[in-house]
Structures are given as structure tokens and as C-alpha cells.
Amino acid sequence: FIAHPIGKHLLEWLCAKRPVEDAKSLLFDVYIQTLSQLLRVVSERGHGASIIIVPDVKQAFAKTLTTTKYPFISDFRMSECLEDVRAVNARRGHKKRETVLENLKVRLAAVAQLACIDGALLLTPELEPISFATTLRADKWSGTVITGPSLNITGPSMTKSRGGDSFPVWSLGTRHNSTVDFVGACDGAVGFVVSADGPVRGFVRRDSQVILCWPDCRQSAHAWHMGS
């Protein structure tokens, strides 16, 4: 899922609060693996989920596209946690690696639990929860949905796919379609839908007419890590 369009969004988010080279370091050293781990933890729970990461500049607008039963102010301090992981990976700072990684594990488990409650989980770019059990109320997406570019691993070989195939999101359930509608309405948002039967699908709006879909992010995340 960290093919060019989603990777571009992730880097832009991180650059909003730190220098470019620092953001790139965080993206490649910590962020991709942490996001992949979160999606894996949610998937392993065997419960469908919708997770949407909303850019900081779009969070007020996102509230106009949602309703939630549970007002929520998060204090998970995920940004601090990500920086701690990067520090121990680089052998900097005074915190013990085992303590930092256990702290990350506990926090990701808590975020995953919120994701498994019926309704969507909205996150900041630093993976801090914004709202959970959220009803998405964006207008129906009127554009097309096609597969995005990706890296594919088959045995020892790795190939690139340009994507571009039509993706029949209309044939899937409410969780998929409401996520597509939201991503289509909220420019810069990235949506992930975890199916109870396995696949983790990623969605990002390319332009006003096209949403890109990665049919199974578990494979493409692994490919990105192997190819980086």
C-alpha cells in the first residue's frame, strides 16, 4: 500500500511538522512498519474494521462528514511513541529497547480494539485516534475506482504492477462503500478496510474522478519493506 500515491500522502503529512529529511527518516525507519503492524493486529482479531487516516488540515472538515456516539479525546501519545522507537532503532536516547517496543505494542493493541468496534476509526497522521464507532456520512462517490500501482513478490522475484484495473467496490458491503465515499469527499485521506475473512484493502483519491485501491495491503506492505 505504500505505492507512490499513498507514500506521497504519508510523506506530506510527516513533513508538515518536521524537516523533509527528518520526515523521510521517520517514514522509512518506523512509520511504515508501525502502520503495517497496526493493520496486521486488527486483521488477526478476525473482526471487520474501517480505519481512515485524516490529514491535520482536513480534520475539521472530516467532522462534517461523520457522526459518532462517543465523544473522545485521545491521549495515547502515538507521536512520542513513534519517536521513541526511532531513537532506540538508531541507538539514541536512554530508554530501553524492550520497554519502548512493549509500549508500542500495548498502544497499538488499544488502537486496534477501537477499530474493532462497529463503525469507522479515524486517526491523525501520527496514528492518534480522533474518533471511533464513527458513522461515515459522505455523499456517494460518483467517480471510478481502479487498482493502484504496486510491488508484487513471487518467491525470490519482485515485479511492479502499474494497476489501472477496474475495482468493483459496488459489489462489496457498506464498510467498503462508505470508506470509498469518505475518501472521495475528503482529499488527502487514506482509508483501509479490514475484512473479517482476511484482505486489507487500501483506498486513496488520486484526483476528482479516480480513487485508487490496493486489494490486499498485506502483500504490498511486505513488498515495500523488501524493496526499500
Side-chain angles (χ1 to χ4, degrees), residues 1-2 6 9-10 13 30-56 58-59 62-63 65-82 85 101-138 169 172-186 188-205 211 213-222 224:
F1 62 92
I2 313 297
I6 291 186
H9 282 308
L10 297 181
W13 295 340
V30 177
Y31 194 91
I32 293 171
Q33 293 89 337
T34 302
L35 179 55
S36 300
Q37 185 177 347
L38 172 60
L39 295 173
R40 183 174 64 251
V41 171
V42 174
S43 181
E44 289 173 350
R45 293 181 179 232
H47 190 287
S50 177
I51 301 172
I52 301 175
I53 304 176
V54 181
D56 291 332
K58 291 288 185 177
Q59 288 174 23
K63 290 181 180 180
L65 304 175
T66 64
T67 58
T68 181
K69 297 178 182 177
Y70 309 106
F72 180 67
I73 298 175
S74 175
D75 191 25
F76 286 17
R77 298 183 180 178
M78 291 300 299
S79 179
E80 178 182 323
C81 189
L82 293 173
V85 173
L101 294 183
E102 180 62 23
N103 187 28
L104 176 65
K105 180 180 178 181
V106 169
R107 291 173 193 237
L108 288 180
V111 175
Q113 184 61 37
L114 294 178
C116 291
I117 299 171
D118 287 343
L121 172 66
L122 270 58
L123 301 175
T124 71
E126 286 80 18
L127 308 182
E128 192 78 31
I130 299 171
S131 67
F132 67 97
T134 307
T135 301
L136 306 177
R137 299 192 179 281
V169 68
L172 301 174
T174 300
R175 184 178 288 117
H176 282 83
N177 281 274
S178 62
T179 299
V180 165
D181 295 341
F182 185 94
V183 167
C186 188
V190 175
F192 298 99
V193 178
V194 181
S195 297
D197 57 355
V200 179
R201 297 185 173 100
F203 299 93
V204 63
R205 195 180 94 180
I211 286 177
C213 168
W214 285 266
D216 195 342
C217 294
R218 297 171 303 177
Q219 296 176 356
S220 49
H222 177 61
W224 172 273

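Numbers here are sequence positions counted from 1. Heavy-atom basis, side chains included; hydrogens, waters and symmetry copies ignored.
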For this session: Determine which pairs satisfy side chain to side chain donor-acceptor pair (under 3.5 Å) with at least one residue from residues 127-136, sequence neighbours left out, and list them in order.
Result: Ser74-Glu128, Ser131-Thr134
Exercise. Which one of Val111, Ile51, Ile53 satisfies the side-chain contact (heavy atoms from CB on, under 4.5 Å) criterion with Leu127?
Worked result: Ile53
Exercise. Going through the distances and angles, do Leu121 and Val42 end up as a side-chain contact (heavy atoms from CB on, under 4.5 Å)?
Worked result: CA-CA 11 Å; Leu121 172 66; Val42 174; over 6 Å; no
Exercise. Do you know the tightest heavy-atom contact between Ser79 and Glu126?
Worked result: CB-CG, 3.7 Å
Problem set entry | Pairing residues for Arg175 by the side chain to side chain contact (heavy atoms under 4.5 Å, CB included) criterion, not counting sequence neighbours | Ser50, Val193
Seminar exercise, completed: Between the CD1 atom in Ile117 and the NZ atom in Lys69, the distance rounded to the nearest 0.5 Å is 11.0 Å
Exercise. Which heavy atom of Ala112 sits nearest a heavy atom of Leu38, and at what distance?
Worked result: N-CD1, 4.0 Å
For this session: Check whether any side-chain heavy atom of Phe192 sits under 4.5 Å from a side-chain heavy atom of Leu35, and report yes or no.
Result: yes
Exercise. By ring pair (Phe, Tyr, Trp, His ring centres under 6.0 Å), which residues pair with Tyr31, not counting sequence neighbours?
Worked result: none
Seminar exercise, completed: Quick note, salt bridge (Lys or Arg N to Asp or Glu O under 4.0 Å) partners involving residues 36-56, not counting sequence neighbours, are Lys17-Asp56
Problem set entry | Set of side chain to side chain contact (heavy atoms under 4.5 Å, CB included) partners for Glu102, sequence neighbours left out | Lys105, Val106
For this session: Can you sort out the partners of Asp118 under side chain to side chain contact (heavy atoms under 4.5 Å, CB included), two or more places apart, ordered by chain and number?
Result: His47
Problem set entry | Separation between CD1 of Ile130 and OG1 of Thr68, rounded to the nearest 0.5 Å | 11.5 Å
Exercise. With sequence neighbours left out, which residue pairs that include part of residues 105-133 fulfil the ring-ring contact (aromatic ring centres under 6.0 Å, His included) condition?
Worked result: Tyr70-Phe132, Phe72-Phe132
Exercise. Has the side chain of Thr34 got a donor or acceptor atom that lies under 3.5 Å from a matching backbone atom of Val30?
Worked result: yes
Exercise. Nearest 0.5 Å, what's the CG-CE distance between Leu123 and Met78?
Worked result: 8.5 Å
Exercise. Mind checking what makes salt bridge (Lys or Arg N to Asp or Glu O under 4.0 Å) contact with Arg77, not counting sequence neighbours?
Worked result: Asp75
For this session: Assess whether side-chain contact (heavy atoms from CB on, under 4.5 Å) is satisfied between Arg201 and Leu172, documenting all intermediate values.
Result: CA-CA 12 Å; Arg201 297 185 173 100; Leu172 301 174; 4.0 Å; yes
Exercise. So how far is it from Asp181 CG to Leu65 CG, rounded to the nearest 0.5 Å?
Worked result: 10.0 Å
For this session: Report the residues that fulfil side chain to side chain contact (heavy atoms under 4.5 Å, CB included) with Lys58, sequence neighbours left out, ordered by chain and then residue number.
Result: Val54, Pro55, Cys186, Asp187
Problem set entry | Any residue meeting side chain to side chain donor-acceptor pair (under 3.5 Å) with Asn177, in chain and number order, not counting sequence neighbours | Lys140
